Enquirer: 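Sharing a structure, written as structure tokens. Questions coming.
Fair warning: this is a prediction, and the values are worked out from it, not measured in the lab.
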Amino acid sequence: MPASVAGAEGRARRSATGPYAVLRELDDAASGIPVPERRFIGRSADGDRTVLIGVPLPGADPGRFLAEAETSRYLLGPWSSPATEVAAPGDAPWHARPYVPALPLPAALTVHGGPLPERTVRALGAALVETLVIGHGQGLAHAGVSPAAVLLAADGPRLTCFGAARAAAEDGTARSGLPGLESGSLPPEQATGGRPHPTGDVYALGATLAYAATGYTVPEREELPAALRTVVTACLSRDPAARPRPAELLDVLSPGAGPPAPGAGTAAGPPPPATALDTAGNPAGRAAALLGPGWLPGRIIAALARQSAELLAATLPVPHAPQD
């Protein structure tokens, strides 16, 4: 079975969530990468709307799950993935957003047959950095960046799972080893129960790019591509103050950029000029230049086409007849 449809079989079936009939599950449990929520592709009864649905893992706190989903509604930027619908008070918890054909990053590596090309990793990193810059400007730490949180679509990535660390446990409670949280991309300060801050997003970004480039969130330094080694290693500093600022990372990931200057974003020296901002104070579309034709390998594009075709052909589950 292609990785684009793996996960639809072999797990407990779910026929409906909220007003949506469930067509299939998005994630493949065989990837071994924890996912902070269960995700399904669903369709409205009239067939007009197809959505990506999220529900909490068994045992998760539904109140924290819904609070993070509600806050995500305010996320801006083309690569963010805010919830557009949230369960009504008193209903079973769920949230939904419009569906676009997309593969979770772990599934994309499976389809591709291994780590992604440097061009793809750079484009992915630039888009995720832009998303974090915008969110941090809104006063929002994402607190959920991980390989599973990244969906790859033909026009660019989508960053999901907003607030996963906050939803998993309240501040002051150790989060290491909790279900749904990938240990390699969980910042050390959050693993021990610290409040999520933007610097933690930079750590998680570094781990996610390391995964895209090597298949591991905590690879040996020598396993990283030489051109990305310095920037990813800087992101993965255990000292939050030593990590680069997100806006600085765009200058490294954009075409023609070199490695970050010594002391970038630290007390050791002044940072280099940050990326240009548009009139609204958002990154000036630097990622878009990297997300043109060819940014995704052909096998991933083919898997996205298969996923789209399968869902177009899918029929809604037949409701069970009421029992007399």
Enquirer: Would Val35 and Val51 show up in the same hydrophobic cluster when neighbours are defined by side-chain heavy atoms closer than 4.5 Å?
Expert: no

Enquirer: Using modelled atom types only, decide if a donor and an acceptor are shared between the side chain of Glu223 and the backbone of Thr214 within a distance under 3.5 Å.
Expert: no

Enquirer: Taking all atoms of both residues into account, what is the closest heavy-atom pair of Asp171 and Gly194, and its distance?
Expert: OD1-O, 4.1 Å

Enquirer: Nearest 0.5 Å, please: how far is CZ in Arg243 from CZ in Arg238?
Expert: 8.5 Å

Enquirer: Mind checking whether Leu159 and Leu75 sit in one hydrophobic cluster, side chains of I, L, V, M, F, W, Y counted as touching below 4.5 Å?
Expert: no

Enquirer: Is there a side-chain contact between Pro246 and Pro198 in this structure, where contact means two heavy atoms from C-beta onward sitting under 4.5 Å apart?
Expert: no

Enquirer: Should we count CZ of Arg299 as having more than 12 external heavy atoms under 6.0 Å?
Expert: no

Enquirer: Out of curiosity, Arg119 CZ to Leu291 CG, how far, rounded to the nearest 0.5 Å?
Expert: 8.5 Å

Enquirer: Answer with yes or no whether the side chains of Tyr99 and Arg43 bring together a donor and an acceptor at under 3.5 Å.
Expert: no

Enquirer: Would Phe162 and Val86 show up in the same hydrophobic cluster when neighbours are defined by side-chain heavy atoms closer than 4.5 Å?
Expert: no

Enquirer: Main chain of Val55, side chain of Arg38: is a donor-acceptor contact present, judged purely on distance under 3.5 Å?
Expert: no

Enquirer: Where is the tightest heavy-atom contact between Arg229 and Leu224, given as atom of each residue plus distance?
Expert: NH2-O, 2.8 Å

Enquirer: Do the non-hydrogen side-chain atoms of Ile300 and Thr120 ever get within less than 4.5 Å of each other?
Expert: no

Enquirer: Quick check against the 3.5 Å criterion: does Glu130 have a side-chain atom that pairs as donor or acceptor with the backbone of Trp79?
Expert: no

Enquirer: Can you tell me if Ser44 and Asp46 form a side-chain donor-acceptor pair at under 3.5 Å?
Expert: yes

Enquirer: Side chain to side chain contact (heavy atoms under 4.5 Å, CB included) between Leu178 and Thr173: does it pass, once the steps are laid out?
Expert: CA-CA 11 Å; Leu178 291 181; Thr173 301; 5.6 Å; no

Enquirer: I'd like to check Glu68 versus Pro36 (side-chain heavy atoms, cut-off strictly below 4.5 Å). Are they in contact?
Expert: no

Enquirer: Got a second to check how far Leu103's CG is from Leu152's CG, nearest 0.5 Å?
Expert: 7.0 Å

Enquirer: Any idea which heavy atoms bring Ala153 and Arg158 closest together, and the distance?
Expert: CB-NH1, 4.2 Å

Enquirer: Below 30° counts as parallel, above 60° as perpendicular, anything between as tilted: where do the rings of His95 and Phe65 land?
Expert: parallel

Enquirer: Can you establish whether the number of heavy atoms outside Arg195 located under 6.0 Å from its atom CZ is more than 12?
Expert: no

Enquirer: For the pair Arg49 (side chain) and Gly47 (backbone), establish whether a donor and an acceptor sit closer than 3.5 Å, ignoring hydrogens and angles.
Expert: no

Enquirer: Is a donor on one side and an acceptor on the other found under 3.5 Å between the side chain of Glu25 and the backbone of Asp27?
Expert: no

Enquirer: Is there a donor-acceptor pair closer than 3.5 Å between any side-chain N or O of Arg24 and the backbone N or O of Leu26?
Expert: yes

Enquirer: Starting at CG of Leu311, measure out to CD1 of Ile41 and round the result to the nearest 0.5 Å.
Expert: 4.5 Å

Enquirer: Treat each ILVMFWY residue as a node, draw an edge where side-chain heavy atoms are under 4.5 Å apart, and state whether Ile33 and Leu128 are in one component.
Expert: yes

Enquirer: Going from CD on Gln138 to OG on Ser80, what distance comes out if it is rounded to the nearest 0.5 angstrom?
Expert: 8.0 Å

Enquirer: Honestly curious: do Leu186 and Leu209 fall in one hydrophobic cluster under the side-chain, below-4.5 Å linking rule?
Expert: no

Enquirer: Pair Leu109, Tyr211 - check side chain to side chain contact (heavy atoms under 4.5 Å, CB included), show working.
Expert: CA-CA 9 Å; Leu109 266 68; Tyr211 178 84; 3.8 Å; yes

Enquirer: Tell me whether Thr160 contacts the main-chain N or O of Ser81 through its side chain, where contact means a donor paired with an acceptor under 3.5 Å.
Expert: no

Enquirer: Would you say that Thr230 contacts Arg221 through its side chain, given a criterion of any heavy-atom pair below 4.5 Å between the two side chains?
Expert: yes

Enquirer: For Leu253 and Leu228, what are the C-alpha separation, side-chain angles and deciding distance, and is it a side chain to side chain contact (heavy atoms under 4.5 Å, CB included)?
Expert: CA-CA 8 Å; Leu253 295 167; Leu228 298 172; 4.3 Å; yes

Enquirer: Side chains of Val133 and Arg245, heavy atoms from C-beta outward: is any pair under 4.5 Å?
Expert: no

Enquirer: Would you name the heavy atoms of Cys235 and Gly206 that are closest together and state the gap between them?
Expert: CB-CA, 3.6 Å

Enquirer: Within a strict 4.5 Å, meaning less than it, do heavy atoms of the Ser185 and Pro147 side chains meet?
Expert: yes

Enquirer: How long is the gap from NE2 on His112 to OG1 on Thr110, to the nearest 0.5 Å?
Expert: 11.5 Å

Enquirer: Is the closest side-chain donor-acceptor distance between Glu189 and His197 under 3.5 Å?
Expert: no

Enquirer: I'd like to know whether CD of Glu170 has more than 12 heavy-atom contacts from other residues, nucleotides or ligands below 6.0 angstrom.
Expert: no

Enquirer: Taking the side chain as everything from C-beta on, heavy atoms only, tell me whether Pro106 gets closer than 4.5 Å to Asp28.
Expert: no

Enquirer: I'd like to know if the side chain of Trp295 reaches the main chain of Ala289, judged simply by a donor and an acceptor atom lying under 3.5 Å from each other, with no hydrogens or angles considered.
Expert: no

Enquirer: May I have the step-by-step check of side chain to side chain contact (heavy atoms under 4.5 Å, CB included) for Thr208 and Leu105, ending in yes or no?
Expert: CA-CA 9 Å; Thr208 299; Leu105 184 56; 3.9 Å; yes

Enquirer: Treating Thr192 as the side-chain partner and Ala174 as the backbone partner, does any N or O pair qualify as donor plus acceptor under 3.5 Å?
Expert: no

Enquirer: Regarding Arg97 and Thr84, do their side chains bring together a donor and an acceptor under 3.5 Å, going by distance alone?
Expert: no

Enquirer: Tell me the closest heavy-atom pair linking Trp94 and Ile53, and the distance in Å.
Expert: CB-CG2, 4.4 Å

Enquirer: Show the nearest heavy-atom pair for residues Leu151 and Ala148, with the distance to one decimal.
Expert: CD2-O, 4.3 Å

Enquirer: Has Asp201 got a side-chain atom pairing as donor or acceptor with Ala143's backbone, closer than 3.5 angstrom?
Expert: yes

Enquirer: May I ask you to test the Pro93-Glu37 pair for a side-chain heavy-atom distance under 4.5 Å?
Expert: no

